[in-house]
Novice: 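To start, I am sharing the structure in question, which I have written as structure tokens.
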Amino acid sequence: GVSHVLTLALQELSLLCKRDVNGVGMLYELLRSRWLQALLKIYECLQQYLGKRPAPVTLQARALSREVVELLHEAPPSGEVKELRRLLRSPHFKAALLSAHDTVAQKDFEPTLPPLPDNIPENEEAMRIVCLVKNNQPLGATIKRHEITGDITVARVIHGGLADRSGLLYAGDKLVEVNGVPVEGLEPEQVINIL
């Protein structure tokens, strides 16, 4: 994948760095940067997700079922045709199964990110919006209040946890908002409850 290509490029660049070729040191540092590594990790995860994501064959299973029932009226009568027509017309099949299928097939269950806030300070170095979808698993990161600024920050990221596997959170990151709730002025324990 992309990470493998990047690793090979870094190996080649490290050889050129030793020879002190112009600009190679800067390129080497850029390719080793945490943000680029995280971006590539996100890209690879998205590519895997898009490749595995199941898609419904049809969004209108109920309409297709009605069409099949009409076609079965024209078919020569047999025990199998009668049984299939009976199944396709049964309320449990039509109302429960096909209706549920169509409802799920027509919905978009992708996570949606909130819009960027209008009041982002101009002097901020960078702000990232991170969307981590957790189930019953812990976040895999601890938070603390910064001693000087009073900001809520990520104290550490636990190896192998959700935050580590995502590559999106780093120790020292400042938390501005969690699940749409501003964290300024909150105690770390209150932020943990929101998480």
Novice: Supply the atom-to-atom distance K174 NZ to I143 CD1, rounded to the nearest 0.5 angstrom.
Specialist: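 Interatomic distance, K174 NZ to I143 CD1, rounded to 0.5 Å: 14.0 Å.
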
Novice: Yes or no on side-chain contact (heavy atoms from CB on, under 4.5 Å) for V69 and R66, after CA distance, side-chain angles and deciding distance?
Specialist: CA-CA 5 Å; V69 168; R66 283 192 296 272; 5.6 Å; no

Novice: Check the surroundings of atom NE2 in H73: do more than 12 heavy atoms from other residues, nucleotides or ligands lie under 6.0 Å from it?
Specialist: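 Check passes, neighbour count above 12.
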
Novice: If the condition is salt bridge (Lys or Arg N to Asp or Glu O under 4.0 Å), which residues does E74 pass it with, not counting sequence neighbours?
Specialist: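 If we apply the salt bridge (Lys or Arg N to Asp or Glu O under 4.0 Å) test to E74, skipping adjacent residues, there are no hits.
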
Novice: Over all heavy atoms of both residues, which pair between I158 and A141 is shortest? Give the atoms and the distance, please.
Specialist: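 In this case the closest contact between I158 and A141 is CD1-N, 4.2 Å.
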
Novice: Roughly how far apart are R85 CZ and E80 CD, rounded to 0.5 Å?
Specialist: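 The distance works out to 12.5 Å.
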
Novice: Do the side chains of L87 and L71 join up, straight or via other hydrophobic residues, at under 4.5 Å, putting them in one cluster?
Specialist: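 No, because L87 and L71 fall into different hydrophobic clusters, even though each may have its own neighbours under 4.5 Å.
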
Novice: Can you see which heavy atom on K41 is nearest to which on S166, and at what distance?
Specialist: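 The pair with the smallest heavy-atom distance is CD-O, 3.9 Å.
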
Novice: Without swapping roles, check the side chain of N179 against the backbone of I194 for a donor-acceptor pair under 3.5 Å.
Specialist: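 Answer holds: yes.
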
Novice: What about L162 and V191, same hydrophobic cluster or not, with Ile/Leu/Val/Met/Phe/Trp/Tyr joined at side-chain heavy-atom distances under 4.5 Å?
Specialist: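 Linked, L162 and V191 end up in one cluster.
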
Novice: In the single-linkage hydrophobic clustering (I, L, V, M, F, W, Y; side-chain heavy atoms under 4.5 Å), do L169 and V178 co-cluster?
Specialist: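 Yes; V178 is reachable from L169 via cluster members.
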
Novice: I'd like to know if E83 pairs up with R86 as an ion pair, taking the criterion as any Lys NZ or Arg NE/NH1/NH2 lying under 4.0 Å from an Asp or Glu carboxylate oxygen.
Specialist: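 R86 and E83: salt-bridged.
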
Novice: What are the two closest heavy atoms between A171 and R156, and how far apart are they?
Specialist: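 Closest approach of A171 to R156: CB-CA, 4.2 Å.
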
Novice: Would a hydrophobic clustering, with Ile, Leu, Val, Met, Phe, Trp and Tyr connected at side-chain separations under 4.5 Å, put L175 with Y170?
Specialist: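 No, it is not one cluster - the side chains of L175 and Y170 are not joined through contacts under 4.5 Å.
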
Novice: Could you go through the side-chain contact (heavy atoms from CB on, under 4.5 Å) check for T153 and K144 one step at a time?
Specialist: CA-CA 6 Å; T153 61; K144 67 177 182 178; 3.7 Å; yes

Novice: If hydrophobic clusters are built from ILVMFWY residues whose side chains come within less than 4.5 Å, do V154 and L186 share one?
Specialist: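 They do share one cluster, since a chain of ILVMFWY contacts under 4.5 Å joins V154 to L186.
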
Novice: Which atoms form the tightest heavy-atom contact between I42 and L168, and what is the distance?
Specialist: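 Of all heavy-atom pairs spanning I42 and L168, the closest is CD1-CD2, 2.8 Å.
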
Novice: How close do V81 and L72 get, counting heavy atoms only, and between which atoms?
Specialist: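 That closest heavy-atom pairing would be CG1-O, 3.7 Å.
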
Novice: On a heavy-atom basis, which atom in P182 and which in G180 lie closest, and how many Å separate them?
Specialist: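 Residues P182 and G180, closest heavy atoms: CD-O, 3.6 Å.
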
Novice: Can you measure from CG (D173) to CG (D151) and round to the nearest 0.5 angstrom?
Specialist: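 Atom-to-atom, D173:CG and D151:CG are 12.0 Å apart.
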
Novice: Could you go step by step and tell me if R145 and I152 meet the side-chain contact (heavy atoms from CB on, under 4.5 Å) rule?
Specialist: CA-CA 5 Å; R145 179 176 302 287; I152 301 292; 4.1 Å; yes

